[in-house]
Protein chains: 2
Amino acid sequence: MGILERKEREREEMRRLILEAAQKLFLANGYEKVSIRNIADEIEYSPATIYLYFKDKNELFFALHQQAFRKLINEFAPIAHLQTPMDKLEEMGRLYIRFAFENPELFDLMFIMNAPMDAIECREDIWDDGHQAFQVLQNVVQECIDSGAIQHPDAERAGLMIWSTVHGLAALFLRKRMMIFGEERKKTLMDEAYDLFVQTIRKGL
Amino acid sequence: MGILERKEREREEMRRLILEAAQKLFLANGYEKVSIRNIADEIEYSPATIYLYFKDKNELFFALHQQAFRKLINEFAPIAHLQTPMDKLEEMGRLYIRFAFENPELFDLMFIMNAPMDAIECREDIWDDGHQAFQVLQNVVQECIDSGAIQHPDAERAGLMIWSTVHGLAALFLRKRMMIFGEERKKTLMDEAYDLFVQTIRKGL
DNA sequence: TTGTTTACTGAACATCGTTCATTATGTTTG
DNA sequence: CAAACATAATGAACGATGTTCAGTAAACAA
């Protein structure tokens, strides 16, 4: 009785098709301009069909946000080859900022938008993707502590402080709050601010 | 010929009335649940009337965002009484975070939402409120540099780094990305992370 | 008292997320 | 093979949304 399994496969395939179309439109036009009807048009199905595979729009965007986290975690992979824990930490921050810069919509979905968080709130679930990603950071910070490169003993606290700084840079940039520095200077100033941060924690953390 | 002036006064009064109603509904129900029709109902006018005083919804929320900036700048005022520049800097960060915590909707409007920035983009204007607020920070940083409390010479660069950290903490908190730390621990962890940041820049910046 | 400017509105447009009765399709049973 | 059932997909609708515009009524000017 392989029929049930085929049905399951077809269901997965359909979810994949919807997410693919959603992602495409999302990256092309930005979140605000993508509607359920647009997505339905793209895959040549009725809008109502999408609701057979996703509870609502929040859940659809939550699924997209999960994909984006897989991408980010992948981009973190190369840091393993670096020599010292402190170099790993520095490169991780740089990768976080670069990810935000090169994938603004994905970053928005992962760390700024409300929709994905609203999706898991009603399911009273934990935010697993975020937890895993932070764990990667926290582990590197712990390495820094163990090797003596960081003196402060609490990896979670230090990790949050570091996350906040790089996230702040990325978020202020993406939400256009850096326009006060001028269109051409804001990117370099952002990089300089991050360099200064790295230099500071190397000395004082 | 005081008629023109009275007309002007009435016009200002009407704008004030609209903004007051919008602010009230905004704080009560959150941005996402406030529509032009709600605001019109609140002041007992037709929805179309609002468009006689504001170009569109973005411009209305831009005006609200200006009010919010006046409030924030006011809350920064007491730092003038503090002794050392470094104490001023520390207290400013704390005030920024507290402002976000106690006025989540206003903070969102000022530093996260797209709407207010979209309003000035088409007017190709500069973001004056943000510029002024950052200037306040930058001045304090410059004091720290002049007094030798901060060694790095560039106040703008250091200011952006500091702004990013406190903003990152506030933004991650408000957009519910700190749920990974647990409901009861996230607020204290946030404060601890800020303390650690202050300690770090006192040592290494 | 006219004519004209101004303030306001009701109704409409296009779009949105979402639901639901109905149809079409595929599967199982007699 | 035919009848009964289960599933997938849909068209049409609901109540919203932001925004526009022709039309009305009141305030002003001549």
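Just so we're on the same page: letters track the sequence lines, and every chain starts at 1. Note that these values count all heavy atoms, side chains included, but never hydrogens, waters or copies made by symmetry.
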Quick one: which protein N/O atoms are closer than 3.5 Å to N/O atoms of nucleotides 22-25 of chain C? Pair and distance per line, please.
none

Between P on dA7(C) and CD on E12(B), what's the gap in Å once rounded to a whole number?
13 Å

Nearest-0.5 Å distance that lies between atom CG in L137(A) and atom CD in E156(A):
11.0 Å

Less than 4.0 angstrom from a charged side-chain N to a carboxylate O is my criterion; do R202(B) and D87(B) meet it?
yes

Going by salt bridge (Lys or Arg N to Asp or Glu O under 4.0 Å), name the residues that satisfy it together with E105(B), two or more places apart in sequence or in a different chain.
none

D108(B): which residues meet the side-chain contact (heavy atoms from CB on, under 4.5 Å) condition with it, sequence neighbours left out?
I112(B), M113(B), R175(B)

Let me know the distance between CG of D118(B) and P of dT19(D), rounded to the nearest Å.
12 Å

Is there a side-chain contact between L172(A) and S164(B) in this structure, where contact means two heavy atoms from C-beta onward sitting under 4.5 Å apart?
yes

When the distance from CZ of R11(A) to P of dA8(D) is rounded to whole Å, what number comes out?
7 Å

The test is salt bridge (charged side-chain N to carboxylate O under 4.0 Å, His left out); show your working for R98(A) and E75(A) and say whether it passes.
CA-CA 10 Å; R98(A) 187 183 307 162; E75(A) 301 203 358; over 6 Å; no

What is the separation between atom CG on L17(A) and atom P on dA9(D), rounded to the nearest whole Å?
11 Å

In degrees rounded to 10°, what angle is found between the helical axes fit to the five outermost pairs at each end of the helix from dG3(C)-dC28(D) to dG26(C)-dC5(D)?
30°

Between S35(A) and dT15(C), is there a side-chain N or O to OP1/OP2 distance below 4.0 Å?
no

Heavy atoms within less than 4.0 Å of DNA chain C: which residues of residues 36-68 of chain B have one? Give them sorted by number.
R37(B), Y45(B), S46(B), A48(B), T49(B), L52(B), Y53(B)

Scan side-chain atoms only and decide if N38(A) and E42(A) contain a donor-acceptor pair under the 3.5 Å cut-off.
no

In whole angstrom, what separates M14(A)'s CE from dA8(D)'s P?
11 Å

Below 4.5 Å, heavy atoms only, C-beta onward: do M117(A) and H65(A) meet side chain to side chain?
yes

Between I18(B) (CD1) and dC8(C) (C1'), how many Å, whole number?
12 Å

Quick check, are the ring centers of F26(A) and F61(A) under 6.0 angstrom apart?
yes

Y51(B): partners by side-chain contact (heavy atoms from CB on, under 4.5 Å), with sequence neighbours left out
I36(B)

Is the shortest distance from a Lys or Arg side-chain nitrogen in E13(B) or R16(B) to a carboxylate oxygen in the other one below 4.0 Å?
yes

